[in-house]
Number of protein chains: 2
Amino acid sequence: MSPKPTLDTVAKAAGVSKATVSQVMRGTGRISDATRKKVLAAAKALHYVPDERAASMRSGRLREVGMIIHHISNPFNAEVISGVSDRLEQEGYLVSVLDSQDDPERQKRNLEAFIKSSRAGLLWVPAAETTDDTEQLLKTHRIPTVTFLRSSGIEGLDHVGIKNRDATRKATRYLADLGHRHIAFFGGDANADVRNERIEGYTSILDEMHLGPPIVWEAPDDKMSGMDAMFALTAAHPEVTALVCNGDVVALGACHALQRQGKVPGRDVSVIGFDNIQDAYVSTPPLSTLAVHPYQLGQKLAQTLLARLEQPDAPASTTLVTAELISRESTGPAMA
Amino acid sequence: MSPKPTLDTVAKAAGVSKATVSQVMRGTGRISDATRKKVLAAAKALHYVPDERAASMRSGRLREVGMIIHHISNPFNAEVISGVSDRLEQEGYLVSVLDSQDDPERQKRNLEAFIKSSRAGLLWVPAAETTDDTEQLLKTHRIPTVTFLRSSGIEGLDHVGIKNRDATRKATRYLADLGHRHIAFFGGDANADVRNERIEGYTSILDEMHLGPPIVWEAPDDKMSGMDAMFALTAAHPEVTALVCNGDVVALGACHALQRQGKVPGRDVSVIGFDNIQDAYVSTPPLSTLAVHPYQLGQKLAQTLLARLEQPDAPASTTLVTAELISRESTGPAMA
DNA sequence: ACTTCTAGGTAAAACGATATATCTATATGC
DNA sequence: GCATATAGATATATCGTTTTACCTAGAAGT
């Protein structure tokens, strides 16, 4: 029944002033041991918890950062979140997550709510078709923002991403060294920047090793679609014996398709995924893939935001983390 | 360079008082059309956005609710979140999510941060080993809370759950009707309430149909562990020909184990999962499962919280949604 | 013409914290 | 012994809103 205790409540109970209580709670060190104990006792007894809203309003220090990501259910993202939270919690920040579901409308609503609620900064995976007015929103409100995985059209934002070009170069060269001569790039959405970078890496190796024209095949990023797209690809290009994929999920879909055709991934057709999700190594056969450590990426992300908050006017930074090629059983030498 | 615009900024620009601007922004309808237009124009020009913190402090109305869930990456949970958000956004609430990772320590930190930041209410999946002091925290601060999926030890909280007992009764009877005589319950953690309810349903059918003593087998909730546990189960109980599982993931793990043993799920051993995740119907063979519609569950959840916020002193409610049996190819008649 | 009502607007207090300036003893310097 | 530090506590202004009560004109009623 009693209303929420405030500084005043505690002050009265301890027989001191509000100012004193405030100083004790923040540990400024200007208060004597005797009164400090008194105040702490009173605070504990009343279950007093300071109201962050009031504190942040007056002090101008925000202690909460937001994340807006395209798919909260993606296991990779979940690991990123955990890396971010661990690092930012150390500095006393709370990290709360919004799911845009890769929907520009929803993302805009998220962003508007985000702005109203005054957070210190934003970690953001821009939705696929982010509209200009959404970008405008971020620009005019000058929110400290770090994008990750995907970059935005906005100048001057920090970014943490993956060395995509590098990664697919590694994967493609690996397949070529195994003797494959007809390698396709499989999966993803045509107008995605990230995918284009990956295709660039793939194509560059093809060029360097004179392996003919690139074969690039689209497929939405789920298993089912991956399977269907793979049926289409094998019909159109029966000569293909190796796949560099835009993601593990779609790669697993492709493997399924192969199996339904009586082929064995890793023997008849080699498949390399991207992401190293858990399913990649419990599938049959285990999937070769390009692995990025999402937890570390999350920590890097947190680090970048902290630096930005520290120095709001520093020039924008771009950090790219390398992907490592993990060879499992879905890849093997080309058959003679 | 200009600092963030406030009510005052807009008021000066429009040549009216703060109070007037405030009324226009909230649409109280007491302001004439002429001045309203003036104010709105000024607000737009300055990109003014009200500060939720100040507003909520004064009005006492909170417009943000939090969710704390055990695994943000679970696709089922992601769907729940989306149902919750859609419903609560209609009422002008922002929904932000924290991931406890099923870790009691992290959950407690989440909760403490949550309390400081003053949100209207909490949607909560209690972590597996939730400690007493965590529960105490919620109780003493009287936060409007709805638990879901798992229930807490706290009296008087609303709850939205699944008719677990009912679901596994359906599944077990279905298998028995297919002629199976040795049905095991597979997966989950020994001391989980939800699992116990499911085991109860399973056992009750065994009793009614005189199918011998229950066989209950533990397994952590990932594919790999499911596979390993299944090897152990077949070794210990070769007579088992059907499985009621505690989740799809673990069920898929079991199917894998069967395949590695040269057996065919649905022919040699029938398997029923729980959750109906996307993988369940793109696996080979597609997995029979108990389906709960997570989006609808989310909406129900939002509805329950809204009702609680409306009537803080209403008696606690419990809502259970039914799970539907979806029969796919991982189940079939017992072999003669 | 005089009261009474109402519409449209505003001043000022409040929400719960922090920050700044100020106050009062007591300790210190010479 | 007198000025001056200094430590410990406090009064008060402030952050950006909402709310309440009040004010002022012109409209309406008689």
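So you know, we letter chains A, B, ... as the sequences are listed, proteins then strands, and number each from 1. These numbers were taken from a predicted model, which means no experiment stands behind them. In what follows, every heavy atom counts, from backbone to side chain, and hydrogens, waters and symmetry copies are set aside.
The nearest whole Å value for the distance from the CG atom in Leu62(A) to the C1' atom in dT18(C) is 14 Å. Atoms CG (Asp8(A)) and P (dT10(D)) sit 12 Å apart, rounded to a whole Å. Whole-Å rounding puts the Arg63(B) CZ to dT17(D) P distance at 16 Å. A straight line from CG of Leu46(B) to C1' of dG16(D) spans 15 Å, rounded to a whole angstrom. Rounding to whole angstrom units, CZ of residue Arg53(B) and C1' of dC15(C) are separated by 13 Å. Atom CE of Met57(A) is separated from atom P of dA14(C) by 17 Å (rounded to the nearest Å). Taking atom CD on Gln23(B) and atom C1' on dT10(C), their separation rounds to 9 Å, with Å as the unit. Following rounding to the nearest Å, Leu7(B) (CG) and dT14(D) (P) show an atom-to-atom distance of 17 Å.
A side-chain donor-acceptor contact under 3.5 Å links Arg150(A) to the backbone of Pro126(A). A donor-acceptor contact shorter than 3.5 Å is absent between the side chain of Asp102(A) and the backbone of His70(A). Judged by distance alone, the side chain of Ser117(A) and the main-chain N or O of Ile115(A) form no donor-acceptor pair under 3.5 Å.
Proximity note for Ser17(A) (side chain, C-beta onward) versus dT19(D), dA17(C), dA11(D): the nearest is dA11(D). Comparing dT10(D), dG9(C), dG16(C) against the side chain of Ile31(B) picks out dG9(C) as the nearest. Closest approach to the Arg26(B) side chain among dA19(C), dT10(C), dT18(D) is made by dT18(D) (side chain taken as heavy atoms from C-beta onward). You'll find that the side chain of Ala19(A) is closest to dA11(D), out of dC15(C), dA17(C), dA11(D). The side chain of Asp51(B) has dT17(D) as its nearest neighbour among dT17(D), dA9(D), dT19(D). Listed nucleotides dT18(C), dA9(D), dG16(D) differ in distance to Arg58(B); the shortest reach to its side chain belongs to dG16(D). Of the candidates dA17(C), dG8(D), dA19(C), the closest approach to any side-chain atom of Arg30(A) belongs to dG8(D).
If you check the side chains of Asn110(B) and Ser100(B), you find no donor sitting under 3.5 Å from an acceptor. At a cut-off of 3.5 Å, with distance as the only test, a side-chain donor of Arg26(A) or Ser22(A) sits close to an acceptor on the other residue.
Checked options Asp133(A), Thr134(A), Thr130(A), Asp103(A); the residue passing with Lys108(A) is Asp133(A) (criterion: side chain to side chain donor-acceptor pair (under 3.5 Å)).
Each of Arg36(A) and Met25(B) lies near DNA chain D, and the nucleotide nearest Arg36(A) is the one positioned closer to the 5' end.
Within 4.0 Å of Glu52(A), counting heavy atoms only, lies no atom of the nucleic acid at all. Among the atoms of the strands shown, base atoms are found under 4.0 Å from some heavy atom of Ser22(B). Residue contacts shown for Thr35(B) are limited to sugar-phosphate atoms, with no base heavy atom under 4.0 Å away.
A donor N or O paired with an acceptor N or O is found under 3.5 Å between the base of dT17(D) and the side-chain atoms of Lys18(B).
Taking side-chain N and O atoms only, Arg61(A) has a distance below 4.0 Å to OP1 or OP2 of dA19(C). Applying the 4.0 Å criterion to OP1 and OP2 of dG9(C), one finds that Ser32(B) has a side-chain N or O inside that range. Taking only side-chain nitrogens and oxygens, Thr20(A) comes nearer than 4.0 Å to OP1 or OP2 of dT10(D).
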